[in-house]
Amino acid sequence: MQWGKERRENEELFSLNRRRFLSLSGILGLAFISGKSDISMASAEKEGKMTYQIKDYNRLLGMEGFSNTLLKNHFTLYQGYVTNTNKLMDALNQLLKEGKTGTPEYAELKRRLGWEFNGMRLHEYYFENLGGKGGIQKGGKLFQKLTESFGSYEAWEKDFKATGSMRGIGWAVLYQDVLSGKFINFWINEHDVGHPIGGMPILIMDVFEHAFMIDYGLKRADYIEAFFRNINWTEVEKRLLLHKG
Ligand SMILES: [Fe+2]
């Protein structure tokens, strides 16, 4: 199960102390961490030079249709992405300083950055577009733009839900194209693959199994309905590129 694999992977990496991180890096053939890098990472940890901060979404606890167990597990998963993004940034910066950018270690860490960084950001957009009550404001700017792009708000909602209901795991994302200002629903299969260039994320729905199976089992449609009942439309509206379209 992809959820299980992803969760295990992130829980493992999240809980890594520096010694285990070095050990795992060795197993993976990432023998890039010289004694110098080791010291640098330790210093960075000690000095608290974490580039990205973990955001607190405890305000969502108690949200109708989402158990606290599910949400807390999801928060932990998200925190792993922030931690790993910072670890990768530190390690890549160190390799840059040491002139080791031509190494396989640098290339593999650089490839992984897209997965960890997007895993962090996608979850932040997701949690931040939850916690609202009530539907979209009819007559508001977003309502108007969705109507223009899809013919009606209902047509957009149907397409977004259908996108999120597709077989497979990933994300349903409503993007606004920066160049044209137009809106399009995208399916993102992996965090780091398939995002439209210049796409501003307006609404994000996590449809990895960890996002719903604890509460809904295989009934993804019920989770999607619960998601819609809790969209924070005020937050979503703030993401609009009003000067476009
Ligand atoms: Fe998730």
Side-chain angles (χ1 to χ4, degrees), residues 1-16 52-88 111-132 160-175 185-196 199-232 235-236 239:
M1 183 186 295
Q2 180 67 24
W3 169 51
K5 178 174 176 283
E6 184 199 27
R7 185 176 167 192
R8 277 195 304 279
E9 185 179 45
N10 279 286
E11 284 178 345
E12 184 181 9
L13 285 167
F14 181 48
S15 65
L16 287 178
Y52 295 100
Q53 299 297 317
I54 290 169
K55 296 183 180 178
D56 182 357
Y57 295 110
N58 281 327
R59 67 177 176 80
L60 297 178
L61 294 176
M63 185 166 61
E64 183 271 324
F66 290 75
S67 71
N68 286 350
T69 300
L70 181 143
L71 288 171
K72 285 178 180 176
N73 273 288
H74 211 166
F75 297 159
T76 301
L77 194 73
Y78 151 67
Q79 289 160 8
Y81 285 113
V82 181
T83 301
N84 288 341
T85 297
N86 287 324
K87 282 182 187 292
L88 286 178
R111 286 182 211 284
R112 188 171 181 88
L113 185 58
W115 171 263
E116 301 291 353
F117 184 93
N118 283 3
M120 171 180 72
R121 277 285 184 263
L122 284 162
H123 280 100
E124 289 174 349
Y125 278 111
Y126 170 72
F127 290 131
E128 283 162 20
N129 65 215
L130 280 172
F160 189 85
K161 287 179 176 176
T163 304
S165 301
M166 287 163 43
R167 289 179 67 77
I169 48 172
W171 303 84
V173 183
L174 168 65
Y175 277 107
N185 292 325
F186 257 74
W187 169 259
I188 305 301
N189 205 65
E190 302 281 351
H191 305 340
D192 52 341
V193 178
H195 297 274
M200 173 65 194
I202 303 296
L203 177 68
I204 289 192
M205 180 168 67
D206 192 340
V207 286
F208 272 83
E209 289 155 340
H210 63 251
F212 62 89
M213 279 199 83
I214 290 174
D215 290 347
Y216 293 98
L218 293 174
K219 295 178 180 173
R220 191 194 298 201
D222 291 348
Y223 156 70
I224 292 175
E225 290 305 317
F227 172 85
F228 264 78
R229 289 197 300 276
N230 288 284
I231 292 174
N232 184 342
E235 176 60 31
V236 174
R239 298 172 183 169

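One-based numbering, in listed order, for ligands and for the atoms of each. Quick note: residue numbers are just sequence positions, from 1.
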(request) Measuring from the Fe ion (ligand 1), name the closest N, O or S atom belonging to His74. (result)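 Output for this pair reads NE2.
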
(message) If I consider every N, O or S atom in Asp206, which one ends up closest to the Fe ion (ligand 1)? I only need its name.
(response) OD2

(message) Only to 10 degrees, please: what angle do the NE2 atom of His123 and the NE2 atom of His210 make about the Fe ion (ligand 1)?
(response)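 Angle NE2(His210)-the Fe ion (ligand 1)-NE2(His123): 140°, rounded to 10°.
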
(message) Check this for me: does any side-chain nitrogen of one of Glu116 and Arg112 sit under 4.0 Å from a carboxylate oxygen of the other?
(response) yes

(message) Salt bridge check, Arg220 against Glu209: does any charged N sit closer than 4.0 Å to a carboxylate O?
(response)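 Salt bridge between Glu209 and Arg220, a charged N being under 4.0 Å from a carboxylate O: no.
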
(request) Report the residues that fulfil ring pair (Phe, Tyr, Trp, His ring centres under 6.0 Å) with Phe186, sequence neighbours left out, ordered by chain and then residue number. (result)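 Result, ring pair (Phe, Tyr, Trp, His ring centres under 6.0 Å) vs Phe186: Tyr175.
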
(request) Kindly write out the residues that satisfy salt bridge (charged side-chain N to carboxylate O under 4.0 Å, His left out) with Glu124, not counting sequence neighbours, or none if the list is empty. (result) Lys55, Arg121

